[in-house]
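One structure is given here, and the rest of the page talks about it.
What's counted below: heavy atoms across the whole structure, side chains too, no hydrogens, waters or symmetry copies. Numbering of ligands and ligand atoms starts at 1, following listing order.
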Amino acid sequence: MPGFEIFGDEERKQVNDVLESGILMRYGFDGMRNGHWKAKEFETSFAEKMGTEFCQLLSSGTSALTTALASAGIGAGDEVIMPVFTFVASFESILALGAIPVLVDIDDTLTLDPKAVAAAITPKTKCVMPVHMCGSMADLDALQTICSKHNLLLLEDACQALGGTYKGKQLGSIGDLGCFSFDFVKTITCGEGGAVITNNKAYYINSDQYQDHGHDHVGTDRGAETHPNMGYNFRISELHAAVGIAQLNKLDHILAIQKRNYTMVRNALETIEGVTFRRVPEGGEENYSFVSFFLPTEELTKKAINALSEAGVEANFYWYTNNWHYINGWEHLRNLKSLGRVTNEVRNQLEKLNTTNFLKSDAVMSRTISSLVKIGWTEAEVIERAEKMKKAINSVL
Ligand SMILES: *Cc1c(COP(=O)(O)O)cnc(C)c1O
């Protein structure tokens, strides 16, 4: 998955453009920047690539999620439905706005279970946030139907699924808003960075203003600009955007290699009786950044993880016991370990996490192994890896 594997002369050239003028900021200094507007250039190219009208580049994927929610008017007391299997950024972005994260089960797609979403809707629900984990997507048709029926915002977290598609459309471009991360381990990287995409002009304008202290970006005198709404600083720097431009040019290449390597590993694992694979919703195509598969029981899965590690096969993830991606590891959330006071409505919702069980998700996650697909591997290395995996997993079955 990681774009950092192919950092090279193209990235250096882009960064040097910025270093030569020394204008590290994305706004202003028009006469001094040698015509380089790296953040703007990235936004134009990325929106085109995603097939959306607008793109707003940001300092991280987490700030992209926060900005997307803020742009659509989500705030204090609003409930946002999110999955129990995701990265901590999901609840961080919701809590940052004083909104309430409502955690619900996932299914064998490893993403939001539409039935669990429907069951969690209350009069306070404002948004459904599917997270397309490990390269593949939620059942977006089912979620869209629920959102339309209840007039809810559909915000796709596509941070781990850049380049995947659903019914011919790019993941992230299907909901009202879509978010991406370009942190150092994502499909493409800016070092740190993120993006919001949308076809909604009002959300775009709100995002543009929110990420830069509310600046309306009208005119050529930054100090004289007005501030229609309060904002924040989630700006990206020109240096980071420059890296992103070079990486974006390599995206098709990255996806093609991922698909090749994924297919070789998957073909090998498919021959093992007892191994099954995550469900990809009909009409979807993964970005092939992980091969995620199930073993028959939790016990066998734990044995398989150990066998893989003993065989020296790196980068296999058992999310079920991971500190960052599954609710079991989020005792800081369950126990409200907040540096400052949180509102009573947030507290009441989070306290419920200690008495709610997520048995349906546990049943899936306890049997899931995700095997990272790297792009730096040669074909021979992938074949060797696939054979080692096959042998290790067969040894425990
Ligand atoms: C990486 C990631 C984020 C956050 O991105 P950062 O750029 O690291 O802040 C959000 N959601 C998911 C699913 C991610 O994998």
Between [Y] and [X], is there a salt bridge with N-O shorter than 4.0 Å?
X: D252; Y: K49; answer: yes
X: E270; Y: R266; answer: yes
X: K374; Y: E381; answer: no

TODO: With sequence neighbours excluded, tell me which residues meet salt bridge (charged side-chain N to carboxylate O under 4.0 Å, His left out) with D221.
DONE: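 D221 satisfies salt bridge (charged side-chain N to carboxylate O under 4.0 Å, His left out) with no residue once adjacent residues are dropped.
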Open item on the list: What I want to check is whether the side chains of Q247 and K250 have a donor and an acceptor closer together than 3.5 Å.
Closed with: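 On atom types as modelled, these side chains do not qualify, holding no pair under 3.5 Å.
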Check ligand 1 against the protein and report each N/O to N/O distance under 3.5 Å, formatted as atom name, atom name, distance.
residue: ligand 1; atom: 5 (O); partner: S181; partner atom: OG; Å: 3.2
residue: ligand 1; atom: 7 (O); partner: G61; partner atom: N; Å: 2.7
residue: ligand 1; atom: 7 (O); partner: S181; partner atom: OG; Å: 2.7
residue: ligand 1; atom: 8 (O); partner: D183; partner atom: OD2; Å: 2.7
residue: ligand 1; atom: 9 (O); partner: G61; partner atom: N; Å: 3.4
residue: ligand 1; atom: 9 (O); partner: T62; partner atom: N; Å: 3.0
residue: ligand 1; atom: 9 (O); partner: T62; partner atom: OG1; Å: 2.5
residue: ligand 1; atom: 11 (N); partner: D157; partner atom: OD2; Å: 2.8
residue: ligand 1; atom: 15 (O); partner: Q160; partner atom: NE2; Å: 2.9
residue: ligand 1; atom: 15 (O); partner: K186; partner atom: NZ; Å: 3.1

Task: Approximate separation, where rounding is to 0.5 Å, of F54 CZ and I205 CD1 - done: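 The CZ atom of F54 sits 7.0 Å away from the CD1 atom of I205.
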